[in-house]
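Notes follow once the structure below has been shown.
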Number of protein chains: 2
Amino acid sequence: MTVTIKDVAERAGVAPSTVSRVLSDSTSISQKTKKRVRRVMEEMNYVPNYNARRLASRQSQTIGLVLPQASDAFYQNPFFPTVLRGITEAASTKEYGLMLSTGDTPERRKKHVEAMVQGKQVAGLIFLYANDNDPILEFIKSINFPAVVMGTPENGQLNAVDNDNFSVAKELTEVLIQGGCRKLAYVGGDSHQYFVQKRLAGFKAALQEADLPFYPEDVYNDLTFLPRDGYQLMEDLLEAKDYDGLIIADHLVARGVKKALEVFHKHQVMTGTFKSFAAEPNPQDHRHPYFNLNSQQLGRRAVQILFDVLEDQANGSTRYLYEIVEAELMK
Amino acid sequence: MTVTIKDVAERAGVAPSTVSRVLSDSTSISQKTKKRVRRVMEEMNYVPNYNARRLASRQSQTIGLVLPQASDAFYQNPFFPTVLRGITEAASTKEYGLMLSTGDTPERRKKHVEAMVQGKQVAGLIFLYANDNDPILEFIKSINFPAVVMGTPENGQLNAVDNDNFSVAKELTEVLIQGGCRKLAYVGGDSHQYFVQKRLAGFKAALQEADLPFYPEDVYNDLTFLPRDGYQLMEDLLEAKDYDGLIIADHLVARGVKKALEVFHKHQVMTGTFKSFAAEPNPQDHRHPYFNLNSQQLGRRAVQILFDVLEDQANGSTRYLYEIVEAELMK
DNA sequence: CTGAAAGCGCTTACAG
DNA sequence: CTGAAAGCGCTTACAG
């Protein structure tokens, strides 16, 4: 039924080991033999059995992608598909496969990652999130398995790619200040997420440099990163407070905020937010600048870093790679 | 280094084959033995090698996801992550793994799918798109490999899940007509995509039933499914034509359209569109009804259908499954 | 209910 | 430059 390396060998008049070497394009096989064997492979429509290959070679040529616990916010945010696009793109250049983690509970997620890792299904992992005290990440660190985290985890000792969240938020805040804003608020979200904290720090720094006061009560952090949160927050706030500028850590929240500003005719309020990709140039809207975080590039770089780590590992070297991806101010 | 079935067997005082049977929870092993072997597995932190398992059992327990040629529209549309969410959810209930197709050119994409299929990496495929004359899909049909398509391909002979695009568009058009619209346009997109055609048919049918005339020039089809397309189209059209209702096949295009309607103060124009999930109840906006297509459910059902197909196949039965997922009108 | 043995389809020292 | 042979870590008839 299935054609194997043995069938090819027979037809080509060589040993199975030779066919195997042709398959991996070994330099120790003559061009002549390679050509002949390859022709036979074509003829017989041979495709190698990857399971056998992986078992024998102990190499999976596959990257495991670790998704966070499922939430509306994660799956509705363009970050995820955009990063994934960069990942598939980069993985395919080296002919690496991609495997998704699954599991609906923390336990099942961990179990599945263990099965991927210890079960020799993947050569390395990319985490599509960065929470502190994540049991899965802790486990991976403890066994020192090749992994790259998207984001900046609190304690180092691992490889990561991220934007410079501090600088990006600071710069954006400066834009609003230059635009005339004097009473600014920071609309965050889950303060356990590192990027929320970092962007807040950038926000503060900009205020300070501009000699504007910072009040903790102007930080709003109990949001689930969905548009409705931004909308509701504005509903509650707009009359009570008279902010003239808002730095919004999450793009979906910003969507809700802007909707509310429209509905309540607060056209003078400026906003600044962060997006995964450059939205099409809408009618010039100088009151709503944002940073394009270039999440696709983030995905590409994560893969590249993983490749580098894998190579380092093969060479016995151990170091941690941490890379910053440039963001672009759009105003 | 790695602990294998043999190590477990030794420590538990049984044969490797017994350990293997415990692993698959075979009924022919006594509870007593199972308990003992399992304890040893725990103790030794045993995780099976999936490559060996798949090679020996000829079962991959993995689903391959076939993505379309990369495009902004695909990766920016919430359809993709939403469907994926449903897929991961359903796959995890049966402990199936998920593998993503990659490749930047049509040739490389096809090669990779071949490697997944013939290389025994996946038990079945889910296509996250439905184009006619897709070489990959043709290939899969030709070898009769288990697969489910999301969408309704022109020629049958395969398994599929889809919304009822005709009815959904018809009903939505009726809503606009009841809302007072008399001069309607259909904003489509790539007319090679089946759902664009189907929704157009529904649009037409509603006009006809309401005794409203249909003019082919009121159909706009040269769009790439991005917000900017919708925006530009409106820019070009709004003055020339005086539509009072728009049925928009794609949600992102609709976003651009609505933006334009706002900017140009055309608040009287109604729109109707289709979304992958229920957006949060914004301020009641009766002029912009939409259908929630429930794409997450689409993903879940695709997986279930694939499981059914796999089972049918094991039983020697051959039939094609085609399922419609309910959509919900939001107005 | 359990074990011994063959086999899944490759890769890779080792020998020549 | 090529081949024979052992081995990767499982599963699964077959026999008892």
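Throughout, protein chains are lettered first and strands after them, A, B, ... in sequence-line order, and every chain is numbered starting at 1. In this text the structure is predicted, and so the values were computed from the model without any measurement.
Per the geometry, CG belonging to Asn49(B) stands 13 Å off C1' belonging to dG7(D), to the nearest Å. Whole-Å rounding puts the Gln121(B) CD to dG9(C) P distance at 15 Å. Atom CD of Glu10(A) and atom P of dG3(D) are 13 Å apart (whole Å). In this structure, Asp7(B) places its CG atom 9 Å from P of dG9(D), rounding to the nearest Å. When the C1' atom of dG7(C) is taken as reference, atom CG of Asn51(A) falls 15 Å away, rounded to whole Å. Remark: C1' of dG3(D) and NZ of Lys6(A) are 15 Å apart, rounded to the nearest angstrom. When rounded to the nearest whole Å, the span between CD1 of Ile5(A) and C1' of dT12(C) equals 12 Å. The CG atom of Leu55(B) sits 9 Å away from the P atom of dC8(C) (whole-angstrom rounding).
Taking 4.5 Å as the limit, every side-chain heavy atom of Gln296(B) sits out of range of all side-chain heavy atoms of Phe277(B). Looking only at side-chain heavy atoms (C-beta outward), Ile140(A) and Val113(A) come within less than 4.5 Å of each other. Using a 4.5 Å heavy-atom threshold, the side chains of Leu125(A) and Val117(A) count as touching.
The backbone N or O of Ala90(A) lies less than 3.5 Å from no partner atom in the side chain of Arg300(A), so there is not a single donor-acceptor pair. A donor-acceptor contact shorter than 3.5 Å links the side chain of His112(A) to the backbone of Thr102(A).
Distances shown here put every side-chain N or O of Tyr50(A) at or beyond 4.0 Å from the OP1 or OP2 atom of dC8(C). Using a 4.0 Å cut-off, some side-chain N or O of Tyr46(A) falls inside it from OP1 or OP2 of dC10(C).
Salt bridge annotation for Lys110(B)-Glu114(B): present, with a cationic side-chain nitrogen under 4.0 angstrom from a carboxylate oxygen. With salt bridges taken as basic N to acidic carboxylate O contacts below 4.0 Å, none links Glu107(A) and Lys111(A).
When distances are taken from the side chain of Ala15(B) to each of dC10(D), dG9(C), dG3(C), the shortest belongs to dG3(C).
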Completion exercise
For DNA chain C, the dot-bracket notation using Watson-Crick and G-U wobble pairs below 3.5 Å, [ ] for pseudoknot-type crossings and | for other-strand pairs, is |||.||||||||.|||
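Counting non-hydrogen atoms of other residues, nucleotides and ligands closer than 6.0 Å to CD of Glu138(A) gives a total above 12.
At a non-hydrogen distance threshold of 4.0 Å, Ser17(A), Ser20(A), Arg21(A) from residues 16-38 of chain A come into contact with DNA chain C.
Because its NZ or CZ atom is both nearer than 6.0 Å to the ring centre of Phe307(B) and within 45° of the ring axis, Lys94(B) counts as a cation-pi partner of that residue.
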